[in-house]
Every structure is written in structure tokens, then in C-alpha cells.
There are 2 protein chains.
Amino acid sequence: MVKKADILVRFGARVRELRLQQDYSQEAFAHACELDRTYIGGIERGERNLALRNIERIAEALGVTLAELMKGL
Amino acid sequence: MVKKADILVRFGARVRELRLQQDYSQEAFAHACELDRTYIGGIERGERNLALRNIERIAEALGVTLAELMKGL
DNA sequence: GTGTGACTTTTAGTCCGTG
DNA sequence: CCACGGACTAAAAGTCACA
């Protein structure tokens, strides 16, 4: 079991990183994205293969471009 | 009518742009992604709200990073 | 080689909880 | 405030025949 950090895990970590930089709680952030709080939690834990429209919502709520959000992934 | 094309349309155009730069047909490209030819067509036409795992496959097949793929979107 | 509508299966995404 | 689960509904994944 060598291959660990798949794209969902890395993406989730990136979202968490950016969210915390802005002192959002998951709840407040979820509200800003108009997504469910448990869904945001699942994304950050790398359990969710979210679709492009929701990726965009997250980028918007974080105030970054999609390219910035994907940086390093 | 100032409304900007939505994210799916812009993403699809970006994929097509990069695919054509590499002289891929949809068919050959679909094969490289291990996705269906008609599914790729749907993406390029902005009709598919594809999820992160498929976005990653496409980036890989195009030989670009996710950040590069999202550039300008 | 590509566009499109129709279709079934799988999964994204919501909403209710718990510790 | 967050991780996690169950049950549900909406939508994405994936395939096809035909233009």
C-alpha cells in the first residue's frame, strides 16, 4: 500500500488549508458555498469525488481561481 | 446579454483547445483517457458536469497539470 | 470523425442524526 | 466545531444507435 495521496485526498487537504487561512468553520464555509456541512467535511477528508460545478462554488467561496485552487495537485 | 459562458462550456472549450493542439481526434483522445468517445464529445460541448477523478484523467491524457488545465477558467 | 437523444447503473449530494 | 453514519433523491457515469 504505497500509493496513498490520491487526488481526492490532496484536493480535500487543499480546501482545508485555504478554508483555515480564512478562519472559516466548516459550517460557515458550507453556507458560503451553499453546500451541506457534512458534504464539506467529506470533501476535506478525501471521501468525495465532487463535480466541476461544486469545485467552482468552492473556489468562489474561497476567493480563488480554479487554477489557484488546483495549484500543486 | 452579458452573461459569461458557464463553467462547463468554458471547461469543454479548454479541453478541446488542448486536445487539438496535440492533434488528437476525440476518438483517440477518449481512448487515451479510457473514457467513451461520446462522453468526451459531451464534455467538450459543455453538457457534462464531470467530477474530479475524470477531470484528472483528462489532465493526465493531455499531459498537463490540473492547474494548467484550469488556467483561465 | 463528431453530434445527439435516450437510456441504465452508479455515485454525487442532502438531510436527519450521533459522540 | 468536527467526524462519521443511515437513508434518501438528484445527478453523473457510462453506453448505444443513428444522423
Side-chain angles (χ1 to χ4, degrees), chain A residues 1 3-70 73, chain B residues 3-71 73:
Chain A
M1 186 46 193
K3 170 128 176 145
K4 162 82 163 87
D6 87 334
I7 185 65
L8 302 189
V9 172
R10 287 180 280 133
F11 180 81
R14 177 77 174 137
V15 169
R16 176 163 293 178
E17 177 189 21
L18 293 169
R19 173 177 66 79
L20 292 176
Q21 274 176 22
Q22 309 192 15
D23 291 308
Y24 265 124
S25 69
Q26 284 186 355
E27 246 175 353
F29 180 56
H31 186 257
C33 299
E34 298 181 277
L35 292 169
D36 194 80
R37 94 192 138 72
T38 66
Y39 189 56
I40 295 292
I43 289 168
E44 292 193 357
R45 274 176 268 122
E47 293 167 1
R48 295 293 185 163
N49 181 25
L50 75 175
L52 188 51
R53 285 216 158 100
N54 282 339
I55 294 173
E56 189 196 26
R57 280 182 169 189
I58 284 173
E60 259 178 35
L62 289 169
V64 298
T65 63
L66 281 169
E68 282 176 284
L69 179 57
M70 294 302 180
L73 271 59
Chain B
K3 187 172 183 266
K4 207 174 174 187
D6 91 356
I7 185 65
L8 302 189
V9 172
R10 285 180 282 134
F11 179 81
R14 177 76 175 136
V15 170
R16 177 163 293 179
E17 177 191 19
L18 293 170
R19 173 176 66 80
L20 291 176
Q21 274 177 22
Q22 309 191 18
D23 290 307
Y24 265 125
S25 67
Q26 283 187 356
E27 253 176 352
F29 180 56
H31 187 258
C33 296
E34 299 181 275
L35 291 169
D36 194 84
R37 161 188 91 67
T38 65
Y39 187 60
I40 295 293
I43 289 168
E44 291 193 359
R45 273 175 270 122
E47 292 166 1
R48 295 284 189 162
N49 181 24
L50 77 175
L52 188 51
R53 286 217 157 100
N54 281 342
I55 294 172
E56 190 197 24
R57 279 176 146 180
I58 284 172
E60 257 177 38
L62 289 169
V64 298
T65 64
L66 281 169
E68 282 177 283
L69 180 56
M70 294 302 180
K71 205 168 195 173
L73 272 58

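Just so we're on the same page: letters track the sequence lines, and every chain starts at 1.
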- Contacts of B:N49 and B:R45 projected onto DNA chain C by closest heavy atom; the upstream (5') one is B:R45
- Query: Taking the nucleotide of DNA chain C with the closest heavy atom to each, which residue, A:E34 or B:L20, is nearer the 5' end?
  - Reply: B:L20
Separation of [X] atom [atom1] from [N] atom [atom2], in whole Å?
X	N	atom1	atom2	value
A:L52	D:dA13	CG	P	10 Å
A:I43	D:dA3	CD1	C1'	15 Å
A:E44	D:dC2	CD	C1'	10 Å
A:E27	D:dA3	CD	C1'	13 Å
B:N54	D:dG14	CG	C1'	9 Å
A:R53	D:dA11	CZ	C1'	11 Å
A:D36	D:dA11	CG	P	15 Å

- Query: Can you check whether B:Y39 has a side-chain N or O nearer than 4.0 Å to OP1 or OP2 of D:dG14?
  - Reply: no
- Message: OP1 or OP2 of D:dT15 versus the side-chain N and O atoms of B:R48: is any pair under 4.0 Å?
- Response: no
Which pair of non-hydrogen atoms, one from [X] and one from [Y], has the smallest distance, and what is that distance?
X	Y	answer
A:R53	B:N49	N-OD1, 2.9 Å
B:R37	B:Q26	O-OE1, 4.2 Å
A:I55	A:L69	O-CD2, 3.9 Å
B:A32	B:Y24	CB-OH, 3.7 Å
A:L66	A:A59	CD2-CB, 4.1 Å
A:T38	A:R45	O-NH2, 4.3 Å

- Spacing of CZ belonging to A:R19 relative to CG belonging to A:L62, to within rounding of 0.5 Å: 9.5 Å
- Query: What's the spacing between B:R57 CZ and B:L50 CG if we round to 0.5 Å?
  - Reply: 11.0 Å
- Query: Should B:R10 and A:E56 count as an ion pair when the cut-off is N to O under 4.0 Å?
  - Reply: yes
- Task: Estimate the overall bend of the helix from C:dT2-D:dA19 to C:dG19-D:dC2 from the end axes over five pairs each, rounded to 10 degrees.
- Result: 40°
- Message: Can you tell me whether the side chain of A:T38 and the base of D:dC4 have a donor-acceptor pair closer than 3.5 Å?
- Response: no
- Terminal contacting nucleotides, 5' and 3', DNA chain C versus chain A (heavy atom, 4.0 Å): C:dA12 to C:dG17
- Query: If you look at every strand shown and take non-hydrogen atoms under 4.0 Å, does A:R57 touch a base, only sugar-phosphate, or nothing?
  - Reply: nothing
